[in-house]
Engineer: 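Below is a structure I'd like to ask you about.
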Amino acid sequence: MKKSFLILFFFCVSNFFAQYEIGGGMGLSYFNAPDLVNYIETNFSNDEVPSFSSSADFFLQFNYNITTLYQLSLEYNYNIYSYNSDFSVGFYDFEINQHKPSLIGYYLLRGEGYKFKFGGGFGLRIAQAQEKIGSYGSSSIYKTTGFGFIGKAQGDTKIGSDFYALISGEIIYDLTGEITTVTNNKIDLSSFGIGIKLGVIYYF
């Protein structure tokens with residue numbers, strides 16, 4: 001009786017945890033923030049600032065398989081962007097660190113040793129910007145909070161046991177919010193971008 005109970009218990013636990021996945025990795029994003037580009041180009045650059053800039057991403061994701069076809073994912077992305085230049089009155093540095101948690105719903109296509117997922121979602125956007133201007137001799141820190149939307153496609157392929165390699169592509173539209181700089185300019189940090197990520201994921 002006890003042996004039967006233990007077999008049943010482990011069978012239930014195994015099936016319960018098989019619904020979960022935990023992954024992480026890093027990636028690269030290209031984004032366009034028109035207000036920021038215009039502000040830097042007008043005030044602190046001797047050259048034309050590209051419309052799209054690159055930024056680094058570090059991410060974690062926790063996935064729950066609702067059914068064999070649908071998945072719910074809680075994803076956290078830490079995004080870093082920086083710009084620096086030498087202009088007429090000294091150096092200039094502008095850096096943005098963003099915390100970007102998102103809740104994403106996926107449609108799944110699966111096979112032996114692989115899984116494809118397609119979906120979209122939304123989440124909170126918390127940004128901290130730091131500006132250093134040579135002529136002012138000090139740095140200033142600004143904070144703003146907004147929200148954003150994401151469309152995403154991800155592929156997982158088995159690399160051994162329950163470990164999978166992942167690659168994903170995404171489209172991002174962030175309404176991050178507005179800051180007022182040390183020069184008393186108001187900048188809307190909202191942006192549109194695309195990104196690619198690489199990482200590993202573990203299936204429980």
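By convention here, the first residue in the shown sequence is residue 1.
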Engineer: Under 6.0 Å between ring centres: does that hold for Y70 and Y106?
Structural biologist: no
Engineer: Apply side chain to side chain contact (heavy atoms under 4.5 Å, CB included) to T183 and I133, showing your working.
Structural biologist: CA-CA 10 Å; T183 57; I133 306 173; 4.3 Å; yes
Engineer: Side chain to side chain contact (heavy atoms under 4.5 Å, CB included) for T144 and E178? Distances and angles first, verdict last.
Structural biologist: CA-CA 6 Å; T144 183; E178 190 176 75; 5.6 Å; no
Engineer: Just verifying a value: how many Å separate I141 CD1 and E131 CD, rounded to the nearest 0.5 Å?
Structural biologist: 11.5 Å
Engineer: Do you know which of L69, N65, N63 makes side-chain contact (heavy atoms from CB on, under 4.5 Å) with L108?
Structural biologist: N65
Engineer: Hey, what do you get for OG (S85) to CD (E41), rounding to the nearest 0.5 Å?
Structural biologist: 11.5 Å
Engineer: Answer yes if Y64 and I150 sit in the same cluster of Ile, Leu, Val, Met, Phe, Trp and Tyr residues linked by side chain heavy atoms under 4.5 Å apart, and no otherwise.
Structural biologist: no
Engineer: Write down the atom of A127, the atom of T176, and the distance for their closest heavy-atom approach.
Structural biologist: CB-CG2, 3.6 Å
Engineer: When rounded to the nearest 0.5 angstrom, what is the spacing between CG in L72 and CD1 in I66?
Structural biologist: 5.0 Å
Engineer: Side chains of L28 and S54: closer than 4.5 Å at any heavy-atom pair?
Structural biologist: yes
Engineer: What do the steps show when you test F44 against F94 for ring-ring contact (aromatic ring centres under 6.0 Å, His included), and what is the final call?
Structural biologist: CA-CA 10 Å; F44 304 109; F94 191 92; 9.0 Å; no
Engineer: Check whether any side-chain heavy atom of R125 lies under 4.5 Å from a side-chain heavy atom of S102, and answer yes or no.
Structural biologist: yes
Engineer: Taking the inter-plane angle between the rings of F149 and F147 on a 0 to 90° scale, is it parallel (under 30°), tilted (30 to 60°) or perpendicular (over 60°)?
Structural biologist: perpendicular
Engineer: Examine V200 and L74 and state if one hydrophobic cluster contains both, with Ile, Leu, Val, Met, Phe, Trp and Tyr joined whenever side-chain heavy atoms are less than 4.5 Å apart.
Structural biologist: no
Engineer: Quick one: do D156 and Y203 satisfy side chain to side chain contact (heavy atoms under 4.5 Å, CB included)? Show the steps, please.
Structural biologist: CA-CA 10 Å; D156 304 341; Y203 289 15; 2.7 Å; yes
Engineer: Which pairs would a plain distance check flag for residues 161-172, meaning a side-chain donor or acceptor within less than 3.5 Å of a matching protein atom at least two apart in sequence or in another chain?
Structural biologist:
unit_1 : atom_1 : unit_2 : atom_2 : d
E170   : OE1    : K197   : NZ     : 3.3
E170   : OE2    : K197   : NZ     : 2.4

Engineer: Any idea which heavy atoms bring L124 and G146 closest together, and the distance?
Structural biologist: CD1-O, 3.4 Å
Engineer: Is there a side-chain contact between Y78 and H99 (heavy atoms, below 4.5 Å)?
Structural biologist: yes
Engineer: Please report the shortest heavy-atom distance between G155 and F116, naming the atom on each side.
Structural biologist: CA-CD2, 3.9 Å
Engineer: Please report the closest heavy-atom contact between G119 and I104, naming both atoms and the distance.
Structural biologist: C-CG2, 4.3 Å
Engineer: In terms of side-chain heavy atoms, does S53 have a donor or acceptor partner in Y83 at a distance below 3.5 Å?
Structural biologist: no
Engineer: Could you check whether any side-chain N or O of N46 sits under 3.5 Å from a backbone N or O of D86, counting only pairs where one atom can act as donor and the other as acceptor?
Structural biologist: yes
Engineer: Working to the nearest 0.5 angstrom, can you tell me the gap between S55 OG and I96 CD1?
Structural biologist: 9.0 Å
Engineer: Working to the nearest 0.5 Å, report the span between CD of E48 and CD1 of I40.
Structural biologist: 13.0 Å
Engineer: Donor-acceptor pair, distance only, cut-off 3.5 Å: does the side chain of D174 make one with the backbone of G148?
Structural biologist: no
Engineer: Cluster question for you: counting only ILVMFWY and a side-chain heavy-atom cut-off of under 4.5 Å, with indirect links fine, are L60 and M26 together?
Structural biologist: no
Engineer: Do D57 and K100 sit within salt-bridge range, that is, some charged N less than 4.0 Å from a carboxylate O?
Structural biologist: no
Engineer: Taking all heavy atoms of S190 and all of P34, pick out the closest pair and write down the distance.
Structural biologist: O-CD, 4.1 Å
Engineer: Relative to each other, are the rings of Y202 and F204 parallel, tilted or perpendicular (30° and 60° limits)?
Structural biologist: perpendicular
Engineer: Shortest non-hydrogen contact from F31 to S191?
Structural biologist: CD1-CB, 4.0 Å
Engineer: Are L109 and F118 packed together at the side-chain level, in the sense that at least one heavy-atom pair is separated by less than 4.5 angstrom?
Structural biologist: yes
Engineer: Do L103 and Y173 sit in one hydrophobic cluster, given that two such residues count as connected whenever their side-chain heavy atoms are within less than 4.5 Å of each other, even indirectly?
Structural biologist: no
Engineer: With no hydrogens and no angle check, do the side chains of Y92 and N43 hold a donor and an acceptor under 3.5 Å apart?
Structural biologist: no
Engineer: Measure the OG1-CD distance between T67 and Q19 for me, rounded to the nearest 0.5 Å.
Structural biologist: 10.0 Å
Engineer: Check the hydrophobic clustering (I, L, V, M, F, W, Y; side-chain heavy atoms under 4.5 Å; chains of links allowed) and say if I22 and I159 are grouped together.
Structural biologist: yes
Engineer: Is it true that atom OH of Y76 has more than 12 heavy atoms of other residues, nucleotides or ligands lying nearer than 6.0 Å?
Structural biologist: yes
Engineer: Do any N or O atoms from the side chain of N84 and from the backbone of D93 form a donor-acceptor pair under 3.5 angstrom?
Structural biologist: no
Engineer: Which one of K158, Q71, Q154 satisfies the side-chain contact (heavy atoms from CB on, under 4.5 Å) criterion with K115?
Structural biologist: Q71
Engineer: Determine whether Y142 and T181 make a side-chain contact, defined as any pair of heavy atoms from C-beta on separated by less than 4.5 Å.
Structural biologist: yes
